[in-house]
There are 2 protein chains.
Amino acid sequence: MQRRKAQPTPVTPRSNRDRTEATRAALLQAARELFVQHGYGDTSTPDICAAAGITRGALYHHFVDKLDLFRQVLQQEAQAVQAAIEAAAPAQRLPQEALLAGSEAYLDAMTVPGRTRLLLIEGPAALGVADSLAVDAANAAASLRAGLLETGLADATVAVDAIAQLLAAAFDRAALQIDAGADAAATRAAMLWLVRQVAAPAAAAQKTPSAVRRRR
Amino acid sequence: MQRRKAQPTPVTPRSNRDRTEATRAALLQAARELFVQHGYGDTSTPDICAAAGITRGALYHHFVDKLDLFRQVLQQEAQAVQAAIEAAAPAQRLPQEALLAGSEAYLDAMTVPGRTRLLLIEGPAALGVADSLAVDAANAAASLRAGLLETGLADATVAVDAIAQLLAAAFDRAALQIDAGADAAATRAAMLWLVRQVAAPAAAAQKTPSAVRRRR
DNA sequence: TTGCATACATACAGCCTGTATGTTAGTTTG
DNA sequence: CAAACTAACATACAGGCTGTATGTATGCAA
């Protein structure tokens, strides 16, 4: 038998790193699918392992427990959403434009099957609201807050943070409604209308009918 | 129900109806407390029964299964909220007034400990979004829709239903934030501001908040 | 080659859910 | 008012699931 060594890509079976990466990926994918389909509570680790084609020993070798696996599935999902938003709303755009572009990007990103259930339903329940928000903290709420800050609010007397939170919740519901089969166009229009109703065309507005003044 | 025999102090053990009512109440109360404390998934029926002072046999005699028990806990909770809203926003008031009064009543009602977790976190996860909304369908969203319909929207081009849904979601988040320890006054102010931003003051424009003041 | 660590597989203990099967007490009926 | 019936429980049991302990084979380093 020959011994080919020090090859960057070992043709031999698999390096340990490759094995790890492969089984982790298989596990995450299988878990995601089952969590989406049956929810966190009604998905068993035996089922996940069967779907991934490995045994429970491997699962508990790579993940602390079932919740840890779920958390990583969630993180993966949240990162995808975040990336989509940032790609659509580059910092160079005008604030108001970026805000609206980001809004649409969020709703688009959330149409990926299972995403709403994972991030908006199962996540909060399984991880608790606090941890769940921590996972996708970098997500909509933060982006929204930034967008509102730059665009300005229609009324300076309210707290930007609070408004951002409430708007973020509305976004989530919009995504949920669309996912549940509601009129996507109407829901999306309503959501964007709501954003405009809140954001002030602080700078020299363009198309918006009239600027809202009224300060404290 | 008029069959009340005037027995002087029913020394007799207990009528079947009384027994049923008592154990059901004990079960519901114990279950509510544990569900609030540990969530639906991490609460076991043995624990519930221990807290209620009965055995699992009784639980499964009165409820189909654990989920059924949870559903009834939820229903109880949703009814309380609904009642609070209706009490605060009688139909006779001016539309706008009723809308704002109902809004505050909702936020008030949701400050009851555990209510946000039950209705907004555990409910959707355990029952599914659809069933969960069905349980408290008569709740905020519907009331809100009615309120918006009567008050009118700031813009006739958007769907009232969609906006009501989004606003309802914002209400839920507001309650969640307050429950999580956020600045209650600021959050509440932001929520009410948002409502005013949406509702068209068919009578007096969004000039002054005086029309919003309550009197009695 | 020798030795150790990694990546798994298998086996097991404890808990939980739902159901089947008793047992006691209330209610109805002739 | 007593027998028959039924409701309200308690107890026992059968699967299934989670997490851990233990065994094994392979990559990898000295």
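Below, chain A is the first sequence line, B the second, and so on; all start at residue 1.
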Show the distances under 3.5 angstrom between N or O atoms of the protein and N or O atoms of nucleotides 28-30 of chain D.
from	atom 1	to	atom 2	distance (Å)
D/dC28	OP1	A/Asn16	N	3.4

Residues of residues 50-63 of chain B with any non-hydrogen atom less than 4.0 angstrom from an atom of DNA chain C: list those, numerically ordered, please. B/Arg56, B/Tyr60
Nucleic acid contacts - residues 20-28 of chain B versus DNA chain D, non-hydrogen atoms under 4.0 Å: B/Thr20, B/Thr23
With sequence neighbours left out, write down each residue that passes salt bridge (Lys or Arg N to Asp or Glu O under 4.0 Å) with B/Arg145, or none if nothing qualifies. B/Asp161
Between A/Thr151 (side chain only) and A/Leu148 (backbone N and O only), is there a donor and an acceptor less than 3.5 Å apart? no
Side-chain N or O of B/Arg19 closer than 4.0 Å to phosphate OP1/OP2 of D/dA7: no
Measure from CG on B/Leu67 to P on C/dG18 and round the result to the nearest Å. 9 Å
Sequence-distant partners of A/Glu104, side chain to side chain donor-acceptor pair (under 3.5 Å), two or more places apart: A/Arg188
Just jot down the side chain to side chain donor-acceptor pair (under 3.5 Å) partners of A/Arg115, sequence neighbours excluded, or say none. A/Glu77
Name all residues meeting the side chain to side chain donor-acceptor pair (under 3.5 Å) criterion together with A/Gln165; count only those two or more places apart in sequence or in a different chain, and write none if there are none. B/Arg173
Heavy atoms only: give me the nearest B/Ala170-B/Leu194 pair and the separation to one decimal. CB-CD2, 4.0 Å
Not counting sequence neighbours, which residues clear side chain to side chain donor-acceptor pair (under 3.5 Å) with B/Thr43? List them please. none
Could you go through residues 117-126 of chain A and list every donor-acceptor pair under 3.5 Å that involves a side-chain atom there, pairing it with any protein atom two or more places apart or in another chain?
from	atom 1	to	atom 2	distance (Å)
A/Arg117	NE	A/Glu122	OE2	3.1
A/Arg117	NH1	A/Val36	O	3.1
A/Arg117	NH2	A/Glu122	OE2	3.2
A/Glu122	OE1	A/Tyr40	N	3.0

What's the CG-C1' distance between A/Asp68 and D/dT18, to the nearest Å? 15 Å
Flag if over 12 foreign heavy atoms under 6.0 Å of CD, B/Gln29: no
Please report the distance, rounded to the nearest Å, between CG in B/Leu34 and P in C/dC16. 12 Å
Tell me whether B/Glu21 at atom CD has more than 12 heavy atoms from other residues, nucleotides or ligands lying less than 6.0 Å away. no
Here DNA chain D, pairs taken as Watson-Crick or G-U under 3.5 Å and shown with ( ), [ ] when crossing and | when to another strand, reads ||||||||||||||||||||||||||||||
Rounded to whole Å, how long is the line connecting atom CZ of B/Phe70 with atom P of C/dC16? 19 Å
I want to check something: taking the side chain as every heavy atom from C-beta on, are A/Leu28 and A/Leu69 in contact at a cut-off of under 4.5 Å? yes
Starting at CD1 of A/Ile48 and ending at P of D/dG19, how long is that distance when rounded to a whole Å? 11 Å
Check whether any side-chain heavy atom of B/Phe63 lies under 4.5 Å from a side-chain heavy atom of B/Arg24, and answer yes or no. yes
With the side chain counted from C-beta on, respond yes when A/Asp68 and A/Tyr60 share a heavy-atom pair under 4.5 Å apart, and no when they do not. no
Counting distance only, does the side-chain N/O of A/Gln197 pair as donor-acceptor with the main-chain N or O of B/Gln197 below 3.5 Å? yes
Is there side-chain contact between A/Met110 and A/Asp179, with at least one heavy-atom pair below 4.5 Å? no
Under a 4.0 Å heavy-atom cut-off, which of residues 37-47 of chain B touch DNA chain C? B/Thr43, B/Ser44, B/Thr45, B/Pro46
Identify each donor-acceptor pair in which a side-chain atom of residues 45-55 of chain A lies under 3.5 Å from a protein atom, sequence neighbours left out, and give them as a table.
from	atom 1	to	atom 2	distance (Å)
A/Thr45	OG1	A/Arg56	NH1	2.8
A/Asp47	OD2	A/Ser44	OG	3.3
A/Thr55	OG1	A/Gly57	N	3.4

